[in-house]
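Encoded as structure tokens, the structure appears first; notes follow it.
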Amino acid sequence: MSDRPILLWFRRDLRLADHPMLHEAVRSGRPLIPVAILDPVAEGWGAAARWRWGEGLRVFGAALAARGARLVLRRGLAAEVLAQLAGETGAEAVWWSRAYDPAARARDVAVKAALRGAGMAARSFPGHLLFEPEAVATGQGTGYKLFSAYWRAASRLDPGRPLPAPGALSVPASWPASEDLAAWRLGAALRAGEDVLRHHSAPGEAAAQARLSGFLDTRSARYAERRDFPAEDATSGLSEYLTYGEVSPRTIWSETARAGGNAKFLSELGWREFAYHLLHHAPGLAQDNWNRDWDRFPWRGDNADAEAWRRGMTGEPFVDAALREMYVTGRMHNRARMVAASYLTKHLRTDWRVGLDWFADCLTDWDPAANAMGWQWVAGSGPDAAPYFRVFNPVTQAEKFDPDGAYRRRWIAEGRADPHPDARAYFQAAPRAWALDPQAAYPVRRVAPAEGRQRALDAYERWKTLKMLP
DNA sequence: GAAGCGTTGTC
DNA sequence: ACAACGCTT
């Protein structure tokens with residue numbers, strides 16, 4: 001048994017509780033050196049995601065400090081940084097929690113090979129998901145394509161019980177040097193600026209736990225009934241905590257069961273699992289049509305309508321409210337995401353990847369699997385039997401899910417003598433180059449809802465004949 | 001191979 | 001009602 005230190009490489013697992021790697025590391029009794037690395041994979045994330053990760057690192061570093069440890073920050077290629085740190089500290093092992101998106105996986109495979117080639121031990125642990133993507137399979141041994149069948153099968157498995165958070169951590173005799181988090185300037189690419197997003201963000205494990213308890217105590221009972229109304233605070237709001245691992249899905253699963261269960265809510269957790277299941281079986285999910293027939297669909301590439309969509313200036317109030325909400329808060333209500341995405345891909349007939357890219361840059365809860373699945377589901381290219389005539393009508397959706405207009409009023413300033421503070425905040429946060437003016441008239445619709453629907457259906461009919469051709 | 005089913009809609 | 005097919009057991 002070695003008593004040399006273990007490097008614990010933290011990525012999207014910024015928590016102490018129910019952390020399989022950390023739990024095992026503490027049990028080993030060896031000195032532990034927590035590390036976070038700003039590497040090309042992290043630098044490839046969108047602006048809001050990079051910033052939010054930094055917020056998570058700051059809070060997690062403080063949590064480690066409270067237990068007598070530290071979070072060592074280094075910048076560079078992960079394999080080189082880890083080898084360098086091993087040399088500095090005498091560590092002979094590097095552990096981490098498994099990641100599942102292709103960019104991170106490719107990196108991790110290479111890092112593992114490099115470390116082992118250098119005579120070090122490299123181990124990865126579960127923890128980001130309830131079920132490993134390959135643990136759920138059909139009778140034929142293949143991946144699932146329908147959520148309901150997937151979730152039926154997955155629900156028969158036991159995710160196990162959450163692990164306790166460790167007490168004191170064993171630390172090395174001396175700590176390697178750490179870079180300064182502020183010097184990483186993780187918020188530098190934010191268009192709206194850090195102060196705007198910080199106003200809507202409460203990072204960290206304690207905040208995640210508080211949000212989870214608050215949800216189970218108050219919102220859970222009416223979740224199924226109210227979750228679709230974007231003006232209400234009726235959703236769990238846990239997505240960004242899951243993204244950075246500030247709470248584990250297993251903790252959510254088990255706490256929900258302890259609170260009396262909530263099948264609808266747990267099935268939403270199931271969708272996150274399903275997204276990673278799909279990504280595992282189709283690593284190109286974020287780039288390529290899941291159904292390759294759609295490669296011949298006559299999408300428009302990026303275009304002026306799409307730019308108006310990004311700016312929340314389409315003239316369709318529910319859609320604009322959604323885009324503005326995301327710009328200011330880094331989040332967007334689930335119902336609004338579907339309507340906004342449907343509008344871009346159907347009414348504006350724009351390639352789903354244009355929307356995916358914008359979401360990737362703006363969302364603090366950005367999840368590589370869930371977003372790829374969601375965009376393809378809306379666009380029609382994803383694993384779903386949604387009939388082509390299922391095109392969201394943005395007006396009908398607003399009447400149904402924002403009946404008193406509270407959501408639209410919160411985000412649309414134009415035409416109001418006394419706009420909501422959030423609606424005003426959007427104009428302050430928007431880039432000067434967009435030349436937005438809250439006093440100006442609200443934009444005229446670029447396309448009427450019925451006409452946009454017809455355009456989408458026409459394109460679909462053309463494509464159906466196109467895809468028959470060799 | 002038959003049978004049953006499929007997140008979120010629209011008019 | 002629409003219009004309809006792939007998925008899974």
Practice problem: Pick out which of Thr345(A), Asn303(A), Asp305(A) makes a side chain to side chain donor-acceptor pair (under 3.5 Å) with Thr350(A). | Solution: Asn303(A)

Practice problem: Identify, with sequence neighbours excluded, every residue that meets side chain to side chain contact (heavy atoms under 4.5 Å, CB included) alongside Leu266(A). | Solution: Trp253(A), Thr256(A), Leu269(A)

Quiz item: With no hydrogens and no angle check, is any side-chain donor or acceptor of Arg52(A) less than 3.5 Å from a backbone partner on Asp365(A)?
Solution: no

Exercise. Using the P atom as the reference point in each nucleotide, state the distance between dG4(B) and dA3(C) in Å, no decimals.
Key: 24 Å

Quiz item: Distance under 6.0 Å and angle within 45° of the ring axis: does Arg300(A) meet both against Trp309(A)?
Solution: no

Strictly under 3.5 Å: I want the nitrogen or oxygen pairs between protein and nucleotides 7-9 of chain C, one per line.
{"residue": "dT8(C)", "atom": "OP1", "partner": "Lys145(A)", "partner atom": "N", "Å": "2.4"}
{"residue": "dT8(C)", "atom": "OP1", "partner": "Leu146(A)", "partner atom": "N", "Å": "3.2"}
{"residue": "dT9(C)", "atom": "OP1", "partner": "Tyr144(A)", "partner atom": "OH", "Å": "2.8"}

Practice problem: Taking only the side-chain nitrogens and oxygens of Gln397(A), find out if one of them lies under 4.0 Å from OP1 or OP2 of dT10(B). | Solution: yes

Quiz item: Between Asn393(A) and dC11(B), does any side-chain N or O lie under 4.0 Å from OP1 or OP2?
Solution: yes

Shorter than 3.5 Å, N or O on both sides, protein versus nucleotides 1-3 of chain B: list them out with atom names.
none

Self-check item: Distance below 4.0 Å between Arg390(A) side-chain N/O and dT8(B) OP1 or OP2
Solution: yes

Quiz item: Base, sugar-phosphate, or nothing: which does Arg453(A) touch, judged by heavy atoms less than 4.0 Å apart?
Solution: sugar-phosphate

Self-check item: Selection residues 187-206 of chain A - residue pairs positive for ring-ring contact (aromatic ring centres under 6.0 Å, His included), sequence neighbours left out
Solution: none

Exercise. Quickly work out the Asp293(A) CG to dA4(C) C1' distance and round it to whole Å.
Key: 15 Å

Quiz item: Is NZ or CZ of Arg123(A) both nearer than 6.0 Å to the six-membered ring centre of Trp95(A) and within 45° of the ring axis?
Solution: yes

Exercise. Give the rounded distance in Å between these two atoms: CZ of Phe318(A) and P of dG9(B).
Key: 12 Å

Exercise. Please answer whether dT7(B) and Trp271(A) are stacked, defined here as ring centres separated by less than 5.5 Å and planes angled under 30°.
Key: yes

Quiz item: Can you tell me how far P in dT7(B) sits from the matching atom in dT9(C), rounded to whole Å?
Solution: 14 Å

Self-check item: Within 6.0 angstrom of Gln140(A) CD, more than 12 heavy atoms from elsewhere
Solution: no

Exercise. Compute the centroid of each ring, for Tyr343(A) and then for Phe318(A), and state whether the two points are separated by less than 6.0 Å.
Key: no

Self-check item: Partner set under side chain to side chain contact (heavy atoms under 4.5 Å, CB included) for Asn291(A), not counting sequence neighbours
Solution: Asp293(A), Trp294(A)

Quiz item: With rounding to whole Å, what would you report as the distance between dA4(C) and dA3(B) at their C1' atoms?
Solution: 16 Å

Practice problem: Go through DNA chain B and write down every stem, that is, every run of at least three consecutive Watson-Crick or G-U wobble pairs with distances under 3.5 Å, as range with range. | Solution: B:2-6 with C:5-9

Exercise. Spell out, as yes or no, whether a donor-acceptor pair under 3.5 Å connects the side chain of His281(A) to the backbone of Thr142(A).
Key: no

